[in-house]
Amino acid sequence: NNGVHVQNGVNGHHDDSNPKVNGVHNSEYIEADFTERYTVYSQDEQKYENVLKQHKITTEKRVPKLGVMLVGLGGNNGSTLVAGVLANKQGLSWETKNGTQQANFFGSFTQSATAHVGFKIDEKSGSLADVHKPVKEILPMVNPCDFEITGWDISQMNLYEAARRSKVLEPDLLRQLKAQLENIKPLPAALNQDYIASNQADRADNILTGTNQEIVNKLREDIQQMKRRTDKVIILWTANTEQYYLPEIATVDDLADKIKNNDPLPASVLYCIAAIEEQVIYLNGSPQNTFHPGVVEYARQNGGLLAGSDFKSGQTRFKTMMSDFLIGAGLRLSSVVSYNHLGNNDGKNLSEDKCFQSKKISKGGVLDDAIASNSILYPDGHASIDHEVVIKYVPFVGDSKRALDEYTSQIFMGGTNTISSYNICEDSLLAVPIMIDMLVLGELLTRIKIDGNGLGPVLSYLSFFFKAPITNHSEYVVNSFSRQRHTLINFLKAAAGISPDDQTLIGFGY
Ligand code: NAI
């Protein structure tokens, strides 16, 4: 039979009436026994030991009604997410100059991607085939069409007008959603104008006033309102990129003093504190340093859950794939130069240097792990590679962002290999599906326990969706696209009682 030997034909079968060895289902939980395998080296890397660790991963099966609260509801991403979810929920189609377009979730990892979950062997011929499953079917997940969405914005414009202002979606679709979108108005927002660009002042007509503590209390009331209408709430920052807040808030006491003394803090810190105190997830889609050590520790103490930062939607995703490809193949990537121009409000905000600097930092570190992985090519670490990022605001191109990259590598015997890419993308149409993923998976992660413990305070498994991921090990970050994807998929499979791929294919006589 071609060397194929199935050890236990019943493993991983999910049938409530007939619980099996792995991935045992009962009415409330999926319980999976998982053997983790890895190798640990001594500090001088001369000795190593293979480790096998047994874990029990438990996933609550009941999918809750999820309340989504967007900070920046009326922005390009916020209004596109709301309209996109409504269009999918109602199965809408609309006319474009290229014909009729149907609502879809393309670009969403959970809704449109599949994962390799195993193999199929034909009993008669012994022939081998892969089995792929939609990611959303690996474990029970919220359907984005069931999101209940509200949020805050410094602009009080209703969502129909906001979506028109964004110039992202087609008029024929917005016409069909007009009545529903007009009914959605952003809640008054927390704002410290000094931390976003001064050119945003003209849209700020919906602002909370009061002390830091009063504003946190008001945000908490808004969250409590949402909690009454739903089973679980997630807050997602998709508002303007703020300037870095420095020096960092080092401790919980430092944080408490700054709130009490009414020190001027960026609004993002106040939203995050409100989320932590309400024990709801806070996701940061922009590059600013909201997750100060004092804030992460506060989350740890209060059962808060955090993930971020900065959506990884276009250029950075591509960059972490290119570095996988080039460095992974043994080519010495030596210069990476990225130019962007865009004409949406994000670009306008980033045209002020203090906000651009946050983006530059977030985009700057994405190659670090790839470089650190290869001491043959990079004996001196990341200082030995030139990496530049330029962003310009060009209003005419609107949301249609241009990203021009040049990757130059040193190759065999002193040769040079230059690859240039020119990406024209609709920024919000790439970002929104990723926002949907982090909401769907963020919610799922709250239902998973490993050996009886919940995940957190940082939900590092969401790293796949962020440019500058934070983890529970501040010194250990994975940026590589393929590794991030494998980590996430293998974790989901382990929780479902499906073996993560070891990729050797030995057992099949390959
Ligand atoms: P946008 O400027 O259209 O939307 C931001 C919204 O936030 C605006 O409506 C603004 O009025 C509102 N806002 C500003 N400060 C606020 C506050 N303190 N509280 C509540 N609302 C506030 O920007 P867009 O294109 O929607 O992007 C949102 C964020 O996502 C930006 O920071 C951007 O850098 C980040 N991002 C976007 C990506 C993409 O679109 N592909 C990729 C990576 C990050």
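Atoms within a ligand are numbered from 1 in the order they appear, just like the ligands themselves.
Using a distance-only test at 3.5 Å, with no hydrogens or angles considered, no donor-acceptor pair links the side chain of Asn479 to the main chain of Ala370. With Glu406 contributing its side chain and Ser335 its backbone, the two residues share no donor-acceptor pair below 3.5 Å. In this structure a side-chain-to-backbone donor-acceptor pair under 3.5 Å is missing from Lys227 to Val280. Side-chain atoms of Asn158 do not come within 3.5 Å of backbone N or O of Asn183 as any donor-acceptor pair. Although no hydrogens or angles enter the test, the distance criterion places no donor-acceptor pair under 3.5 Å between the side chain of Asp146 and the main chain of Leu66.
With sequence neighbours left out, Lys359 forms a salt bridge (Lys or Arg N to Asp or Glu O under 4.0 Å) with Asp310. Remark: Glu161 engages Arg164 in a salt bridge (Lys or Arg N to Asp or Glu O under 4.0 Å) (not counting sequence neighbours).
Under a 4.0 angstrom heavy-atom cut-off, Val71 registers as being in contact with ligand 1. Not a single heavy atom of Lys348 sits under 4.0 Å from any atom of ligand 1. Under a 4.0 Å heavy-atom criterion, Gly285 is in contact with ligand 1.
Which parts of ligand 1 touch Ala431 is read off a 4.0 Å heavy-atom cut-off, strictly below it: atoms 39 (C), 40 (O), 41 (N). Close approach of ligand 1 to Ala189 (heavy-atom distance below 4.0 Å) involves ligand atoms 19 (N), 20 (C). Ligand-side atoms of ligand 1 in range of Ala267: 18 (N), range being under 4.0 angstrom from any heavy atom. Under a 4.0 Å criterion applied to the non-hydrogen atoms of Ser286, ligand 1 contributes the atoms 29 (C), 30 (O), 31 (C), 32 (O), 35 (C). Every atom of ligand 1 is numbered from 1 in the order shown, and the set under 4.0 Å from a heavy atom of Gly74 is 9 (O). In summary, the atoms of ligand 1 found under 4.0 Å from a heavy atom of Tyr271, numbered by their order in the structure, are 19 (N), 20 (C). Here is the list of ligand 1 atoms found below 4.0 Å of a heavy atom in Asn76: 1 (P), 3 (O), 4 (O), 25 (O), 26 (O).
At a heavy-atom cutoff of 4.0 Å, ligand 1 is contacted by no atom of Lys312, backbone or side chain. Only the backbone of Ala190 comes within 4.0 Å of ligand 1, counting heavy atoms alone; no side-chain atom from C-beta on gets that close.
Remark: ligand 1 and Trp237 share no N or O pair separated by less than 3.5 Å (distance only, no angle test). Considering backbone and side-chain atoms together, Asp399 places no N or O closer than 3.5 Å to any N or O of ligand 1. Remark: ligand 1 and Gln200 share no N or O pair separated by less than 3.5 Å (distance only, no angle test). Ligand 1 has a nitrogen or oxygen under 3.5 angstrom from a nitrogen or oxygen of Asn345. Residue contacts with ligand 1: Asp310 is placed with no nitrogen or oxygen under 3.5 Å of a nitrogen or oxygen of the ligand (distance criterion only). Residue Ser313 places at least one N or O, backbone or side chain, under 3.5 Å from an N or O of ligand 1. For Lys467, no nitrogen or oxygen atom sits less than 3.5 Å from a nitrogen or oxygen atom of ligand 1, counting backbone and side chain alike.
The shortest contact between atom 16 (C) of ligand 1 and any protein heavy atom is with Ile154 CG2, 3.5 Å. At the top of the distance list for atom 4 (O) of ligand 1, counting protein heavy atoms only, stands Gly75 CA, 3.1 Å. The protein atom (non-hydrogen) at minimum distance from atom 23 (O) of ligand 1 is Asp346 CB, 3.9 Å. Ranking the protein heavy atoms by distance from atom 14 (C) of ligand 1 puts Asn240 OD1, 3.2 Å first. Nearest non-hydrogen protein atom to atom 29 (C) of ligand 1 is Ala239 O, 3.2 Å. At the top of the distance list for atom 28 (C) of ligand 1, counting protein heavy atoms only, stands Thr238 O, 3.0 Å. Protein heavy atom closest to atom 11 (O) of ligand 1, with residue, atom name and distance, is Asp153 OD1, 2.6 Å. Among all protein heavy atoms, the one lying closest to atom 36 (N) of ligand 1 is Phe311 CD1, 3.7 Å.
A cation-pi arrangement is not found for Arg175 relative to Tyr160, the charged atom failing to lie both closer than 6.0 Å to the ring centre and inside a 45° cone about the ring normal.
In the model, Gln224 has a side-chain atom that pairs as donor or acceptor with a side-chain atom of Glu278 under 3.5 Å. Side-chain atoms of Ser268 and Glu242 form a donor-acceptor pair, as typed in the model, at a separation below 3.5 Å.
Under the 30°/60° scheme for interplanar angles, the aromatic rings of Phe311 and Phe466 are found to lie parallel.
In this structure, Glu443 pairs ionically with Arg447, as a charged nitrogen and a carboxylate oxygen lie closer than 4.0 Å.
Side-chain contact check for Val432 versus Val168: every heavy-atom pair is 4.5 Å or farther apart.
Here the CD1 atom belonging to Ile184 is positioned 9.5 Å from the OG1 atom belonging to Thr150, to the nearest 0.5 angstrom.
Across Leu81, Leu208, Asn77, heavy-atom proximity to atom 30 (O) of ligand 1 is greatest for Asn77.
Counting all heavy atoms, side chain and backbone alike, Asn76 lies closest to Ser166 at OD1-OG, 2.9 Å.
Taking the centre of each ring, Tyr195 and Tyr244 stay at or above the 6.0 Å mark.
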